[in-house]
Structure formats: structure tokens, C-alpha cells
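Right, one structure below, let's go through it.
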Amino acid sequence: MLSPTGWGALVGGAALTGAGYGLGYAEPAILGAGCLLGVCMALVWTGRAPQLAARRRVTPRKVARGDRAEGSVTLGNTGRRTRRGLEVTDSCGELPLTLRVPPLAAGAEHTVRYALPTERRGRIALGPLRLERTDPLGLARRVRVFGPGEGGTDTLLVRPRVCLLPVLPSGTAHHVEGPTSDTADEGSLTFHALREYVLGDDLRRVHWRSTARTGTLMVKQLVDVSLPHTTVVLDTRAAAYRTEDDFELAVDAAASVAFAAARSNFPVDVLSETGPVLRTDGAGGNDAEALLDRLALVHRSERASAAGAFDDLERARRRGSLTVITGTGDVTGLGALERVRRRFDRTVVLRAGAQAEDDGHEPPGLGSDVPQLRVTGLDSLLAAWRREAVR
């Protein structure tokens with residue numbers, strides 16, 4: 001198709017040619033004919049679709065916020081002629097990236113690398129890849145959009161940054177290595193799930209009813225409920241944070257606290273005023289990765305109160321530690337913490353945001369025995385958390 005310059009040359013050439021012949025002036029007619037000839041040559045130049053193969057690669061596919069991620073596009077000329085005037089446009093979210101490609105000889109390949117934006121969490125859509133071929137004068141262009149499997153669309157997951165925190169001591173942990181079905185004290189075991197029998201399982205735990213129904217020997221998998229349980233309440237209300245950076249810091253803090261427990265195979269609950277975010281039982285080996293993946297997609301909400309985050313905590317028996325993470329802005333609804341904190345062995349409030357003069361925005365109704373830690377970055381979180389862990 002013609003570019004804006006090409007349309008101008010076409011319209012101007014036709015007008016000059018018509019006026020020159022109509023008024024008997026040779027010069028305008030020659031100039032107009034030259035413009036028309038140039039447009040025709042441009043259409044011939046770009047008329048045949050180039051035979052090209054494309055593939056995209058994203059390294060790594062999951063990255064912590066602020067870390068480096070790189071995209072690369074490799075173009076290969078599968079035709080028999082050298083291809084010139086190629087330009088590749090890739091999309092990274094809403095940001096278009098224009099990549100110049102040098103002339104490609106027959107059978108040659110060229111790889112273009114570019115940095116991907118990782119300043120904000122989330123799933124970033126890449127593509128589709130658009131290839132444009134233009135003539136030397138820029139009068140015409142041919143656009144090809146690559147489909148799935150040939151450099152079409154891809155994704156990059158930007159996850160929260162985490163710092164390695166110790167697990168906050170709470171309650172009694174009889175088995176620090178995580179869930180077990182054979183060595184834990186009988187009084188601390190509870191039913192978790194059914195699974196197939198493996199050699200060495202205690203035959204007293206065979207579930208005969210399920211075995212008869214499935215035809216496969218099934219045993220009850222038990223977990224040690226005395227393991228330290230970590231509950232994280234993340235306040236995602238936009239009004240609770242003065243800046244977007246403060247909210248990102250709060251998500252990083254929530255990810256760090258939850259990651260510390262999950263990587264030790266301890267149960268973790270993460271919830272917000274909009275409902276549960278993710279719950280792990282400590283029995284899965286990928287719990288820590290699943291937490292980071294889920295927290296990568298958390299967004300700010302427009303809820304007026306944070307009280308809804310504590311409703312579920314009132315309806316079930318809880319134990320272990322409770323960490324409430326909020327900002328330095330609006331505190332509406334955080335007073336509901338007082339209703340549930342007695343259900344936990346330990347409660348900590350983290351407030352993400354720059355140190356500022358106290359402006360009265362403190363969660364009302366909290367006892368003096370509830371620590372409130374101000375964090376301005378992951379370094380200050382690590383220092384404050386270590387002090388709290390040994391307190």
C-alpha cells in the first residue's frame with residue numbers, strides 16, 4: 001500500500017500531468033509523469049511478499065521487577081534474492097519498538113536484540129511482530145503480520161522483588177522440614193488428601209473405600225498442622241498509598257514474607273480486602289513460585305475500606321503469624337484487625353512508604369503490643385524484620 005508520501009506523489013503527479021498537457025506546458029507534464037513513474041516503481045518494488053521466517057525469544061520468561069529481561073527477533077531469508085528495506089516493529093505492552101534490519105542475502109539470518117521494560121509488575125504482552133518492506137523513496141510499503149508460531153505473540157511475567165527474610169517465629173513447630181506423614185506426632189496430624197500407595201507407606205493408612213472404587217491402592221496423606229502458619233493481609237486499596245511506588249513496595253514486602261514461609265514448605269495464606277489471593281498448604285514443591293506468579297498480577301482496588309480482608313479470619317480458627325501490609329495513606333477499616341489478632345500467636349503491621357511526619361493516619365484501635373514497622377525499601381524491610389524476628 002502507498003505511504004502518505006506515496007499518496008502525495010500520486011495525487012501531485014496526476015495533477016501536474018493533467019495541467020501540463022491541458023495548458024500546453026511540457027515541464028509540469030514531465031515532472032508529473034516522473035512522480036507517477038516513481039509511484040509505479042515503488043509498487044513493483046514492494047509488490048512481491050518477501051519470503052522470510054521469524055522467531056522470537058524472551059530471556060528469561062519470568063523476571064523480578066527491575067531486573068534485566070531481553071527480547072530477540074531472528075529473521076531468516078528463505079527466498080533466493082537479497083532483501084533490502086526491511087523494518088520490524090514489535091509491540092511490548094502498549095509500547096511499539098522499531099527494529100532496523102540490514103539487507104539479508106538468500107539463506108542469511110539476522111538477530112535483533114532489545115531490552116524489555118521491567119519497571120512495573122504484571123504480564124506484558126509481546127507482539128504480534130510486524131514486518132514492513134519499503135522502497136528506497138518511501139512511497140510504498142508492504143506489511144506482514146506474523147501469526148502464532150512464527151514470531152507472533154508472547155508474554156513476559158514481571159514478578160515482585162523479594163528479599164530473603166527469616167520466617168517469623170510463632171507457635172510450635174515440631175517438624176521444621178515441612179509436612180510429613182510418618183514421623184510427625186500423631187496428635188498434630190490431620191487429613192490432607194488421598195494419593196496412590198508407594199512402597200514403604202504405612203498400611204494402616206490405606207483408604208479401603210477409595211481403593212475399592214478406583215481399583216488402585218490409595219492411602220491417606222496426612223500433614224503436620226503444628227507447622228508455623230503464615231497469614232499475609234495485603235491492603236490493595238489505592239487510597240492507602242500515597243504513590244504507586246509505595247504500592248509496589250507493599251507488594252514486594254508481601255511477596256518477601258510469603259516467599260520466606262513457602263520456600264520452607266510452610267502453609268501460607270495471602271488475602272486482601274477483595275478476597276483470597278492464594279493459599280498454599282506447604283505440601284507442594286512449587287508453592288513459592290506460585291506465590292510470586294500470583295502476586296505479579298495483583299492490582300490496586302477502589303474499595304473504601306480494608307475491613308473485608310479480616311472477615312474470613314473471623315470465621316475460622318487460626319494460628320501462627322499474621323502480617324498486615326498497608327501504606328501510609330488512608331487507614332479506613334484497619335481497625336478490624338483488633339477483632340482477629342487474638343487468634344494468632346503473633347501479629348505485625350508493615351507500613352510501606354517514605355518516612356514522613358505523623359499526620360494522624362495510624363490504624364485506630366490497635367494495642368500497643370502490635371508492632372508497626374515503617375519500611376521505605378527492601379533493605380529497611382530486611383533490617384526491621386530481623387529485629388522483629390529476634391524480639
Side-chain angles (χ1 to χ4, degrees), residues 62 162 164-234 254-272 274-297 309-323 340-347 389:
K62 297 179 181 180
V162 298
L164 299 182
L165 303 177
V167 178
L168 199 63
S170 62
T172 303
H174 301 295
H175 302 283
V176 296
E177 295 300 324
T180 176
S181 59
D182 296 320
T183 60
D185 299 334
E186 291 294 331
S188 65
L189 292 179
T190 188
F191 173 76
H192 171 63
L194 292 174
R195 60 172 174 81
E196 293 187 12
Y197 172 85
V198 295
L199 187 63
D201 281 338
D202 189 347
L203 292 178
R204 293 175 297 176
R205 293 178 179 161
V206 173
H207 195 267
W208 297 108
R209 185 175 300 176
S210 297
T211 299
R213 185 174 65 253
T214 62
T216 303
L217 197 60
M218 304 294 291
V219 297
K220 292 181 286 185
Q221 181 182 359
L222 307 179
V223 297
D224 186 0
V225 297
S226 66
L227 290 170
H229 193 115
T230 299
T231 301
V232 178
V233 173
L234 174 62
S256 298
V257 174
F259 183 81
R263 70 180 179 137
S264 300
N265 295 326
F266 295 150
V268 180
D269 280 352
V270 182
L271 59 156
S272 72
T274 60
V277 176
L278 189 67
R279 175 175 296 173
T280 68
D281 55 20
N286 296 321
D287 287 349
E289 294 297 311
L291 278 166
L292 295 181
D293 290 349
R294 182 64 188 88
L295 286 170
L297 305 178
F310 304 99
D311 291 343
D312 289 342
L313 302 182
E314 286 187 298
R315 290 191 282 266
R317 181 180 179 273
R318 297 282 172 162
R319 62 185 306 170
S321 65
L322 170 63
T323 303
V340 302
R341 70 183 184 92
R342 301 298 179 186
R343 298 174 178 266
F344 296 87
D345 302 319
R346 197 163 186 174
T347 302

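Closest approach of Arg343 to Leu313, counting heavy atoms only: CD-O, 3.4 Å. Between Ala254 and Val232 the shortest heavy-atom distance is CB-CG1, 4.0 Å. Here the closest heavy-atom approach between residue Pro276 and residue Leu271 is recorded as CA-CB, 3.9 Å. The nearest pair of heavy atoms linking Val233 to Ala309 is CG1-CB, 3.6 Å. Val167 and Ser264 get closest at one heavy-atom pair: CG2-OG, 4.0 Å.
One distance of note links CG of Leu322 with OG1 of Thr231; it measures 6.0 Å at 0.5 Å rounding. Atom CZ of Arg279 and atom CG of Asp287 lie 13.0 Å apart (nearest 0.5 Å). Separating the CD atom in Glu289 from the CZ atom in Arg263 is a distance of 12.0 Å, to the nearest 0.5 Å. Once rounded to the nearest 0.5 Å, the distance linking OG1 of Thr280 with CG of Asp269 reads 7.0 Å. The distance from the CG atom of Leu234 to the OG1 atom of Thr323 is 11.5 Å, given to the nearest 0.5 Å.
Taking the side chain as every heavy atom from C-beta outward, Phe266 and Thr230 never approach each other to under 4.5 Å.
Checked against side chain to side chain contact (heavy atoms under 4.5 Å, CB included), Leu217 has the following partners two or more places apart in sequence or in another chain: Tyr197, Val206, Trp208, Thr211. For Ser210, the side chain to side chain contact (heavy atoms under 4.5 Å, CB included) test picks out Leu194, His207, Arg213, Met218, with sequence neighbours left out. With sequence neighbours left out, Ala255 forms a side chain to side chain contact (heavy atoms under 4.5 Å, CB included) with Pro160, Val162, Leu292, Leu295. Not counting sequence neighbours, the partners of Ala389 by the side chain to side chain contact (heavy atoms under 4.5 Å, CB included) test are Pro166, Leu168, Pro169. Shown here are the side-chain hydrogen bond (donor to acceptor under 3.5 Å, both in side chains) partners of Thr214, two or more places apart in sequence or in another chain: there are none.
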Dump the intermediate steps for side chain to side chain contact (heavy atoms under 4.5 Å, CB included) on Lys62 and Asp293, then the final yes or no.
CA-CA 9 Å; Lys62 297 179 181 180; Asp293 290 349; 2.8 Å; yes
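The only member of Leu165, Leu291, Leu164 that meets side-chain contact (heavy atoms from CB on, under 4.5 Å) when paired with Phe259 is Leu164.
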